Amino acid sequence: DVQLQASGRGSVQAGESLRLSCTAPGFFVGSYTVGWFRQAPGEEREGVSFFRNGETRTVNADSVKGRFTISRDNAKNTVYLQMNNLQPEDTALYFCAATKRRLIISSLREVASYDYWGQGTQVTVSS
């Protein structure tokens, strides 16, 4: 079974940066669609940034465009989420998720599209 391990939790001030990592021992991240999601207390889980299976192009939610960047290091089997200019509204539990399927763009942000999930890692941004 695919195991995803998210790390990089932290508490920062508004305007600062943080990088999250998602490692995937035993499977090749380059052959999976991978996404980062976040969930604030009392809110629905929200899709943030994504790689489609076999592509280098990334897709980002409007709320993080220009601030968040998803990237991957195939040699390390790791996917990163670089978060710059963090704001208090970015405070949430962040999850990485993966599926072997190559999703259409409109399905990337859907929680039900993903088969594997890492544990959440907390990001807290104070003003």
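Source: prediction; values computed, not measured. Residues: numbered from 1 along the sequence shown.
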Heavy-atom closest contact ([X] atom, [Y] atom, distance):
| X | Y | value |
| --- | --- | --- |
| Leu108 | Thr33 | CD2-CG2, 3.7 Å |
| Thr78 | Lys76 | OG1-O, 2.8 Å |
| Val29 | Val34 | O-CG2, 4.2 Å |
| Ser7 | Thr121 | C-OG1, 4.0 Å |
| Gly47 | Ala61 | O-CB, 3.5 Å |
| Ala92 | Arg38 | CB-CB, 3.8 Å |

Exercise. Taking Gln119 for the side chain and Ala6 for the main chain, is one N or O donor matched with an acceptor at less than 3.5 Å?
Worked result: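 Pair found, side chain donor or acceptor close to backbone of Ala6.
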Problem set entry | Under 3.5 Å: donor-acceptor pair, side chain of Glu110, backbone of Ser107 |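 Not at all, since once roles are kept as given, no pair shorter than 3.5 Å links the two residues.
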Problem set entry | More than 12 heavy atoms from other groups under 6.0 Å of CD on Glu44 | no
Exercise. Considering residues, nucleotides and ligands other than Lys100, do more than 12 of their heavy atoms fall under 6.0 Å from its NZ?
Worked result: yes
Looking at [atom1] of [X] and [atom2] of [Y], how far apart are the two atoms once the value is rounded to the nearest 0.5 Å?
| X | Y | atom1 | atom2 | result |
| --- | --- | --- | --- | --- |
| Ser126 | Gln87 | OG | CD | 11.0 Å |
| Phe95 | Leu20 | CZ | CG | 12.0 Å |
| Thr69 | Asn84 | OG1 | CG | 6.5 Å |
| Asn77 | Thr23 | CG | OG1 | 8.5 Å |

Exercise. Between the side chains of Glu55 and Asn53, does any donor sit under 3.5 Å from an acceptor?
Worked result: no
Exercise. Taking atom types as modelled, is there a side-chain donor on Gln13 or Ser127 under 3.5 Å from an acceptor on the other?
Worked result: no
Exercise. Below 6.0 angstrom between ring centroids: does that apply to Tyr114 and Phe37?
Worked result: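 Between Phe37 and Tyr114, which both carry aromatic rings, the centre distance is below 6.0 Å.
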Are side-chain heavy atoms of [X] and [Y] found at a separation under 4.5 Å?
| X | Y | answer |
| --- | --- | --- |
| Phe50 | Thr58 | no |
| Tyr94 | Val123 | yes |
| Asp115 | Arg101 | yes |
| Arg52 | Ile105 | yes |
| Met83 | Asp90 | no |
| Tyr80 | Arg72 | no |
| Phe68 | Leu86 | yes |
| Gln82 | Ser17 | yes |

Between [X] and [Y], is there shared hydrophobic-cluster membership here, with clusters defined by ILVMFWY side-chain heavy atoms closer than 4.5 Å?
| X | Y | result |
| --- | --- | --- |
| Leu103 | Tyr116 | no |
| Val48 | Val111 | no |
| Trp36 | Val59 | no |

For this session: Might you work through the side-chain contact (heavy atoms from CB on, under 4.5 Å) test for Val79 and Ser71, ending with a clear yes or no?
Result: CA-CA 6 Å; Val79 176; Ser71 63; over 6 Å; no
Exercise. Taking the six-membered ring of Phe51, is the NZ or CZ of Arg57 close enough (under 6.0 Å from the centre) and on axis enough (within 45°)?
Worked result: no
Problem set entry | side-chain contact (heavy atoms from CB on, under 4.5 Å) assessment of Phe28 paired with Asn74 | CA-CA 7 Å; Phe28 178 53; Asn74 290 341; 3.4 Å; yes
